[in-house]
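Single-structure report; data block below.
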Number of protein chains: 2
Amino acid sequence: MVNKKVIARLSSYRTALLRFHELGFVKVFSDTLAEAVGGTSAQVRKDFSLFGISGNKKGGYQTDNLIEKLQALLGKDRIQSVIIAGIGNIGTALLKYKAFEGEGIKIIAGFDIDPSKQNKKAKVPILPLEEMAAFVHENEIRIGIIAVPEVVAQPVCDAMVATGIQGILNFAPLVLRAKPDVVINNVNLQNELENVIYFVNALSKRIKSSPPNADITD
Amino acid sequence: MVNKKVIARLSSYRTALLRFHELGFVKVFSDTLAEAVGGTSAQVRKDFSLFGISGNKKGGYQTDNLIEKLQALLGKDRIQSVIIAGIGNIGTALLKYKAFEGEGIKIIAGFDIDPSKQNKKAKVPILPLEEMAAFVHENEIRIGIIAVPEVVAQPVCDAMVATGIQGILNFAPLVLRAKPDVVINNVNLQNELENVIYFVNALSKRIKSSPPNADITD
DNA sequence: TAGATTGTTAATCGATTAACAATC
DNA sequence: TAGATTGTTAATCGATTAACAATC
């Protein structure tokens, strides 16, 4: 059963492995990797076997080989070109986000209705929304980021899907709907912060009142 | 068992309910709410019962009463003051993020080592990191956001925890460690995008090759 | 009242972990 | 070889859903 959580762990393994590789580790054990990401060795092995990744019965896993396989699974073996709709606060931050560059993620164009934000000549051109379809076709883009205001997020999503985009990372604070063969990952910054707020409150209440309660899990 | 996922659903219920309230709904059924957030009615009722929220055996739930209870649980019944460390791309975006304002989340100060970013006189002052402890104490801040570069994220986290901050929303691309009574929510933008990339690839491969496979779940 | 909906228990489903045979 | 580690199966754990008695 491959779900979001498994893939998130794969990302974590990869990050840890890059560090191990940097440190000169030629091989790595499920145990070591588990400790690095805060999991169990059984889960590490299970996850790998799910993707047909195997190690050596005694010698663990070859670090570079393992990294390569994870890179391929996560699409890190080539540059991923994406577009972004909405050049506001979040959109601008993502456009300039350094960490994406080193990770093979390239935002190759932005789209916004506001003419004052448009700039066809910039290194990363900012274009009017109407040009999105043509751009997506011409550049064979499959993935888009939505960072527009809430009220226009669903129509912008519909427009993206209409161009043939297959995956969307959404920062607008609502759950976008699309046909089932489009992958949508909703990141809601308010909700993430609300989550922290809830558990901080719950924890401090617990200290004040009596019943100890270790129920807060992920 | 209260975990992150339950609280995330509470946030979703709240958003849906605000819309229903706007539309003039006085009461709402578990069924309606479930449909709005893409869940089941049983789960809605289960979630509520977990927090001692009850409705009427026939009449469903009172919309305004329900909203109020969720607000209180999610800390929306008062202004939540937070600070942010790292005034780079992400940090700046969050500082200006409109959606926070309307949601009772107030970033009341930023911290950065770069003197060119500091500005004690701004409406939201940007201060040197060394002043964080004093500021946190003076203003009784319990929640911080980390948006600093990866290499300094853990030390900044340690510094925050040392000031007494109890909850952290982390955007640096690594899993922060802290003592167990500190709540940490890691949001890794690269990983979120990697997730989309993986499923887009997996989906397109599936179309090309034969075995249909509905295994991609959340 | 009859019908509809809640609240909760029991059943199911899925994900994680423990355990151990295979084997390098 | 002896010891250690993988790969996988079975056991456990936890979360979701189905079902239904209570009841408005």
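In what follows, chains are A, B, ... by sequence order, proteins preceding strands, each numbered from 1.
The aromatic rings of B:Phe25 and B:Phe20 lie tilted to each other, with the angle between the two planes from 30° to 60°.
The stretch residues 36-52 of chain A comes close to DNA chain C through A:Thr40, A:Ala42, A:Gln43, A:Arg45, A:Lys46, each having a heavy atom under 4.0 Å from the strand. A heavy-atom distance below 4.0 Å to DNA chain C is reached by these residues of residues 54-69 of chain A, ordered by number: A:Lys57, A:Lys58. Scanning residues 8-31 of chain A for heavy-atom distances under 4.0 Å to DNA chain D yields A:Phe29, A:Ser30.
Partners of B:Thr92 according to the side-chain hydrogen bond (donor to acceptor under 3.5 Å, both in side chains) rule, which considers only residues two or more places apart in sequence or in another chain, do not exist here. Legend: residues meeting side-chain hydrogen bond (donor to acceptor under 3.5 Å, both in side chains) with B:Ser81, ordered by chain and number and at least two apart, are absent. Contacts of B:Phe171 classified as ring-ring contact (aromatic ring centres under 6.0 Å, His included), with partners at least two apart in sequence or in another chain: none. Annotation: side-chain hydrogen bond (donor to acceptor under 3.5 Å, both in side chains) contacts of B:Gln154 (sequence neighbours excluded): B:Asp158. Partners of B:Phe48 under the ring-ring contact (aromatic ring centres under 6.0 Å, His included) rule, at least two apart in sequence or in another chain, are B:Tyr13, B:Tyr61.
Among pairs with a residue in residues 12-34 of chain A, those fulfilling salt bridge (Lys or Arg N to Asp or Glu O under 4.0 Å) read A:Arg14-A:Glu103, A:Arg14-B:Glu194, at least two apart in sequence or across chains. Sorted by first and then second residue, the side-chain hydrogen bond (donor to acceptor under 3.5 Å, both in side chains) pairs involving residues 140-150 of chain B (not counting sequence neighbours) are A:Asn201-B:Arg142.
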For residues 36-43 of chain A, run the donor-acceptor check on the side chains, cut-off 3.5 Å, and write out each pair with its distance to 0.1 Å, sequence neighbours left out.
unit_1	atom_1	unit_2	atom_2	d
A:Thr40	OG1	A:Gln43	N	3.2
A:Ser41	OG	A:Arg45	NH1	3.4

For DNA chain D, what is the dot-bracket line, given that a base pair needs Watson-Crick (N1 to N3, plus N6-O4 or O6-N4) or G-U wobble (N1-O2 and O6-N3) geometry with both distances under 3.5 Å, and | means paired with another strand? ..||||||||||||||||||||||
Evaluate the side-chain contact (heavy atoms from CB on, under 4.5 Å) criterion for residues B:Ile141 and B:Ile165: first the C-alpha distance (whole Å), next the side-chain angles of each, then the deciding distance (0.1 Å), finally the verdict. CA-CA 7 Å; B:Ile141 304 296; B:Ile165 276 199; 4.1 Å; yes
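Side-chain N or O atoms of B:Asn191 include none that pairs as donor or acceptor with a backbone N or O of A:Ala8 at under 3.5 Å. Remark: the backbone N or O of A:Lys58 is not paired with any side-chain donor or acceptor of A:Asn56 at under 3.5 angstrom.
Remark: B:Asn3 is not in phosphate contact with D:dG14, judged by side-chain N or O atoms under 4.0 Å from OP1 or OP2.
Atom NZ in B:Lys5 sits about 8 Å away from atom P in C:dA15, given to the nearest Å.
The environment of CG in A:Leu174 is crowded: more than 12 heavy-atom neighbours from other residues, nucleotides or ligands sit within 6.0 Å.
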